[in-house]
2 protein chains.
Amino acid sequence: MAEEVKLFGFWASPLHRRVEIALKMKGVKYEYIEEDLTNKSPLLLKYNPVHKKVPVLVHNGNPIAESLVIIEYIDETWKHNPILPQHPYDRALARFWAKFIDEKAVPALRNSTWGKVKEREVAIGEACEHLKTLENELGDKKFFGGEDIGLVDIVANVVGIWFGVFQEISGLELLTEEKFPKLCKWIHEYVNHTAIKEVLPPRDKLIEYFSPLLGAASK
Amino acid sequence: MAEEVKLFGFWASPLHRRVEIALKMKGVKYEYIEEDLTNKSPLLLKYNPVHKKVPVLVHNGNPIAESLVIIEYIDETWKHNPILPQHPYDRALARFWAKFIDEKAVPALRNSTWGKVKEREVAIGEACEHLKTLENELGDKKFFGGEDIGLVDIVANVVGIWFGVFQEISGLELLTEEKFPKLCKWIHEYVNHTAIKEVLPPRDKLIEYFSPLLGAASK
């Protein structure tokens with residue numbers, strides 16, 4: 001049967017780009033539908049009625065929402081070039097760290113740059129703690145996944161690219177070579193990895209897109 | 001090799017009971033270590049240094065934290081009596097709803113009973129929406145998992161038991177037969193299911209334990 005794979009996304013969304021990286025790693029061909037987030041399409045609302053958000057993957061007519069759920073689906077459906085490790089314990093650790101990034105690191109990183117002045121102070125402290133935890137977890141590995149990128153690296157794309165953009169716009173200096181040498185080394189390896197490089201949106205376009213939004217949000 | 005399975009938990013925690021239900025469904029024997037949450041053991045802090053929370057499963061010396069991560073590990077390690085469905089798409093749907101319960105329903109249900117007066121009002125509206133979403137998802141199925149319980153049922157134990165306790169203590173009347181007939185029918189089937197019944201803490205003990213805590217928190 002001919003496979004029909006559609007991806008509803010938004011170019012500047014790190015969650016959307018996670019799914020693109022996963023599809024790219026598997027070499028899965030798909031039709032891309034760019035959503036206007038200020039005027040979401042009836043199809044997006046039909047396919048993700050609960051959250052009404054991108055990304056949504058539609059495989060042979062079956063819609064799947066939530067980037068982590070989509071990545072596990074992709075890994076289970078196209079089994080070559082595995083994204084999650086093979087052993088149950090290693091899989092559990094990868095899921096643990098993906099969850100940590102989504103539930104702890106991402107909110108703190110966002111609030112440390114996008115929050116109102118008062119929120120930002122607390123969030124910077126939290127973000128610093130969470131980055132330290134990730135720096136320790138990375139240790140001397142090239143990637144969170146070991147010698148090659150895996151689930152945690154894909155999920156950490158917010159740390160790898162977006163947070164740098166938010167830092168630059170807001171003038172925050174938190175994730176620096178001096179404070180987090182291992183994470184910064186990882187970022188360098190990450191953005192230059194074949195599967196990542198081709199999927200990343202241009203940094204200057206991200207700066208241009210997020211500058212007015214972040215400026216307005218943090219006032 | 002003789003398996004060594006240890007579970008660090010707390011009797012009144014719904015997250016801990018999720019893991020107990022999963023182990024019970026698999027018939028896995030384990031040593032149970034009850035934690036004093038006001039004075040956590042050095043072993044718990046060693047095994048879960050990031051979150052310092054129960055539940056933690058330790059399998060042959062390898063610690064795993066976070067109830068959803070532990071349940072997936074249990075399902076991948078002991079493959080009989082599967083908890084997640086077999087097909088990738090059904091697995092994705094189960095993971096989607098488990099995530100929805102944890103990230104949307106649980107916070108709203110908690111704040112609608114545990115929150116300060118002002119928070120409660122907003123949270124009750126949100127909780128009502130999320131319960132409607134779950135009522136729709138359940139539809140005419142006996143369990144979220146279909147004919148038997150699965151991942152979503154286990155994760156929904158907060159809805160199945162704990163929220164009823166919180167409602168009774170706080171005097172809220174939200175999850176009622178009249179408003180949510182399908183969810184209430186599910187609760188009845190759920191608490192009487194063999195794998196669940198034997199693992200549940202006695203309702204009167206939960207009322208006794210949570211009454212003074214909830215009273216103090218919501219003032």
Side-chain angles (χ1 to χ4, degrees), chain A residues 5 19 22 26 47-53 55-79 84-107 129-130 132-137 151-152, chain B residues 5 19 22 26 47-53 55-79 84-107 129-130 132-137 151-152:
Chain A
V5 182
V19 177
K26 298 287 186 177
Y47 285 140
N48 189 5
V50 174
H51 302 298
K52 304 177 177 66
K53 284 182 179 169
V56 172
L57 186 83
V58 185
H59 183 206
N60 295 332
N62 294 321
I64 307 151
E66 297 278 350
S67 65
L68 285 185
V69 175
I70 299 172
I71 294 172
E72 292 240 19
Y73 175 81
I74 290 172
D75 205 36
E76 289 180 351
T77 301
W78 296 279
K79 293 187 192 298
L84 271 87
Q86 296 306 293
H87 189 278
Y89 186 63
D90 298 327
R91 294 165 73 82
L93 292 182
R95 289 187 181 119
F96 174 88
W97 286 111
K99 210 170 153 63
F100 172 80
I101 291 170
D102 262 11
E103 295 176 11
K104 296 285 177 182
V106 167
E129 278 310 303
H130 299 329
K132 267 187 212 162
T133 303
L134 288 174
E135 174 100 353
N136 281 341
E137 167 54 19
L151 178 70
V152 184
Chain B
V5 182
V19 177
K26 298 287 186 176
Y47 285 139
N48 189 4
V50 174
H51 302 298
K52 304 178 177 67
K53 284 182 179 168
V56 172
L57 186 82
V58 186
H59 184 204
N60 295 333
N62 294 322
I64 307 151
E66 296 280 347
S67 65
L68 286 185
V69 175
I70 298 173
I71 294 172
E72 292 240 20
Y73 175 81
I74 290 172
D75 205 35
E76 290 179 349
T77 302
W78 296 280
K79 293 187 194 295
L84 272 87
Q86 295 308 290
H87 189 279
Y89 186 63
D90 298 326
R91 294 166 72 82
L93 292 182
R95 288 187 181 120
F96 174 88
W97 287 111
K99 209 169 153 64
F100 172 80
I101 290 170
D102 262 12
E103 294 177 11
K104 295 285 175 181
V106 167
E129 278 310 302
H130 300 329
K132 268 188 212 160
T133 303
L134 288 175
E135 175 100 352
N136 282 341
E137 166 54 18
L151 178 70
V152 184

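Every chain is numbered from 1 and lettered A, B, ... according to where its sequence line falls, protein lines coming before strand lines.
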Checklist entry - Can you tell if the side chain of A/E137 reaches within under 4.5 Å of the side chain of B/V50, non-hydrogen atoms only? => result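 Heavy-atom side-chain distance check fails, nothing below 4.5 Å.
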
Checklist entry - Hey, does B/N60 have a side-chain heavy atom less than 4.5 Å from the side chain of A/Y89? => result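 Not in contact.
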
Checklist entry - Taking all atoms of both residues into account, what is the closest heavy-atom pair of B/Y73 and A/P88, and its distance? => result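 Closest heavy-atom pair between B/Y73 and A/P88: CD1-O, 3.5 Å.
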
Checklist entry - Of the non-hydrogen atoms in B/A92 and A/I64, which two are nearest, and what is the gap between them? => result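 Scanning both residues, the minimum pair turns out to be CB-CG2, 4.0 Å.
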
Checklist entry - CH2 of A/W97 to CD of B/E66: how many Å apart, nearest 0.5 Å? => result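 The CH2 atom of A/W97 sits 10.5 Å away from the CD atom of B/E66.
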
Checklist entry - Can you tell me how far NZ of B/K99 sits from CG of A/D102, rounded to the nearest 0.5 angstrom? => result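 Those atoms lie 5.5 Å apart.
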
Is [X] in contact with chain B via its backbone, its side chain, both, or neither, using a 4.5 Å heavy-atom distance?
{"X": "A/H59", "value": "neither"}
{"X": "A/P63", "value": "both"}
{"X": "A/I70", "value": "neither"}

Checklist entry - Counting heavy-atom pairs under 4.5 Å to chain B, which of A/D75, A/N62, A/L68, A/T77 comes out on top? => result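 Maximum pair count with chain B is reached by A/N62.
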
Next on the checklist: Salt bridge or not between A/R95 and B/E76? Use side-chain N to carboxylate O under 4.0 Å.
Outcome noted: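 Salt bridge between A/R95 and B/E76, a charged N being under 4.0 Å from a carboxylate O: yes.
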
Checklist entry - Checking heavy atoms, do the side chain of B/E129, its backbone, both or neither come under 4.5 Å from chain A? => result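 Neither part.
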
Checklist entry - Does a sphere of radius 6.0 Å around NZ in A/K26 hold more than 12 heavy atoms from other residues, nucleotides or ligands, not counting ones at 6.0 Å or beyond? => result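 Result for NZ/A/K26: enclosed.
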
